[in-house]
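So the structure is just underneath, and the comments pick up after that.
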Amino acid sequence: MNTAHLSNIQNVLDNSVLKGKISGANCLIFKDGKELGYWESGLADIEAGVPFKRNTICRLYSMSKPVTSVGVLKLLEEGKIDLDQCISEYLPEFQNLKVCDNGKIRKSWRPLKIQDLMNMTSGYTYGGDDDEGRRQTSRLIGELNEHFDTITTREFARRIAEIPVTFEPGTSYEYGFSADILGALIEAVSGKKFSQYMKEKIFDPLGMKDTGYWVPASEQKRLSKVYRRPSDGTNQLTLFTNNNLGIQDKMDKEPAFESGGAGLVSTIDDYMRFVRMLVNGGELDGVRILQEGTVRFMSTAKLRTNLQQVFDCKMEHLSGYSYTNLCRVCIEPDQCKFLAQKGEFGWDGWLGPYMMIDPVNKIGLVYLQQMCDSGLTDTMREIRNILYSAM
């Protein structure tokens, strides 16, 4: 590894701040259990002039999904669930599943299975206007944004079970609320509140002291603000203070809706402990969270051919990847739009945070930023190219 080459990461972060792509960000890389480098740039709070630091707390949004996946896979390891099981065995509200079919709503001929939720092939979306299921989902999102402190994780599952899915489960791919239903599944199987289960099974054993579903008053000063880019193409970022997908912007109240798909906050060092655990095959500092075979499954599983074709069309920016267990999985590095390694897996989030596990090269990467409508950014692609070109 040419570690000197990694100094280019600082230039990428500084340029992204200068060009107004981000307000601030940080990046942390580990290899073979050792820190390769940490970089930071910009501001976590532009108005107050607070710099983006190593202890800055960020909203993870969809980077919560891989954590929820590990929570589900722990139940699988214990023999408490099976991926081919119908979700209605644990959440009976899904027994009468309806599906949108050419403008009409009919009973689904195929039950919703746990694997459908893990692979985003459930038919549940993030809303829209193309069919009745999407329209009803959009209305539910509006209610969640207003009532995140009264609609519980289980109540959300009951509410979304009444909404018709966009397609027969298991027949297509679409990104959506699947992970949030899995949060309710974890509650039903474990008999514990979702946050309590995750704290006991993942956060506390790994020493992730800054990771959770809200930020106490004593730590609010470390929570980054959220920004958005103006539509006029200028570099003047504006503050974003709305709730989104049932996630509160201020993160200052303990929510009733603990979102398995988007609810977590964390710091770069906290989340890196989760990533390092997966890089190490499920264990960190003598604490085993998952068995090695389970982690191997996360890095090798892929969608069936017909579903992969849909994924390739809808997620063209992830050419060379498949999607399973709430993670992207690199299956054809030569088809990727950036340098990659087969078996690398991870995910990103709406505000641009990004995580990567490379079991082959024993590399873990965590990147945090807080910019609306980001997902996989060109800043992150540039960082990946620097990292893999240095090997």
How about Leu91 and Ile181: do any of their side-chain heavy atoms sit closer than 4.5 Å? yes
Can you check whether Arg228 reaches Asp373 side chain to side chain, under 4.5 Å on heavy atoms? yes
Within this structure, what is the CG-CG distance for the pair Asn145 and Asn244, rounded to the nearest 0.5 Å? 6.0 Å
Do Ile289 and Val72 belong to the same hydrophobic cluster, where Ile, Leu, Val, Met, Phe, Trp and Tyr are linked whenever their side-chain heavy atoms lie under 4.5 Å apart, directly or via other members? yes
Between Trp350 and Phe240, how do the two ring planes meet: parallel, tilted or perpendicular, split at 30° and 60°? perpendicular
Going from CG on Leu326 to CE on Met120, what distance comes out if it is rounded to the nearest 0.5 angstrom? 5.5 Å
For residues Gln291 and Arg288, determine if any side-chain heavy atom of one lies less than 4.5 Å from a side-chain heavy atom of the other. yes
Ring centroids only, cut at 6.0 angstrom: are Tyr173 and Phe311 within range, meaning strictly under it? yes
Relative to the ring of Phe177, is the ring of Phe156 parallel (under 30°), tilted (30 to 60°) or perpendicular (over 60°)? tilted
Residues that Tyr38 engages under ring-ring contact (aromatic ring centres under 6.0 Å, His included), provided they are two or more places apart: none
When you compare the side chain of Leu75 with that of Tyr197, does any pair of heavy atoms fall below 4.5 Å? yes
Smallest heavy-atom separation, Gln220 atom then Lys250 atom, equals NE2-O, 3.2 Å
Exercise: identify the closest heavy-atom pair between Leu112 and Ser122: CD1-CB, 3.5 Å
Separation between SG of Cys330 and NZ of Lys302, rounded to the nearest 0.5 Å: 11.5 Å
Supply the atom-to-atom distance Asp378 CG to Asn385 CG, rounded to the nearest 0.5 angstrom. 11.0 Å
Using the six-membered ring wherever Trp is involved, compare the ring planes of Tyr323 and Tyr175 and label them parallel, tilted or perpendicular (cut-offs 30° and 60°). perpendicular
Any side-chain heavy atom of Arg59 within less than 4.5 Å of one from Met63? no
Give me the one residue out of Asn119, Thr121, Asp84 that meets side-chain hydrogen bond (donor to acceptor under 3.5 Å, both in side chains) with Lys113. Asp84
Quick one: CG on Leu368 to SG on Cys58, what's the gap to the nearest 0.5 Å? 4.5 Å
Per salt bridge (charged side-chain N to carboxylate O under 4.0 Å, His left out), Glu132 is matched among Lys98, Lys104, Arg139 by Arg139
Hey, are the side chains of Thr56 and Thr267 touching, using non-hydrogen atoms and a 4.5 Å cut-off? no
Grab the two heavy atoms, one from Thr152 and one from Glu155, that are nearest each other, plus how far apart they are. OG1-N, 3.0 Å
Which pair of non-hydrogen atoms, one from Gly320 and one from Cys336, has the smallest distance, and what is that distance? CA-SG, 4.0 Å
In terms of heavy-atom contacts, Pro66 and Phe274 come closest through O-CZ, 3.6 Å
Could you tell me whether the side chain of Leu97 reaches within less than 4.5 Å of the side chain of Lys107, counting heavy atoms only? no
Give the cluster check for Phe148 versus Leu60: same hydrophobic cluster or not, with ILVMFWY residues linked at side-chain heavy-atom distances below 4.5 Å. no
Any Arg328 side-chain heavy atom under 4.5 Å of Phe345 side chain: no
Classify the side-chain pair Gln85/Tyr90 by whether it contains a donor and acceptor separated by less than 3.5 Å. yes
Which residues satisfy the ring-ring contact (aromatic ring centres under 6.0 Å, His included) test with Phe94, sequence neighbours excluded? none
Checking Ser266 side chain against Thr211 main chain: does a donor-acceptor pair fall under 3.5 Å? no
Nearest 0.5 angstrom please: Leu387 CG to Asn361 CG, how far? 8.5 Å
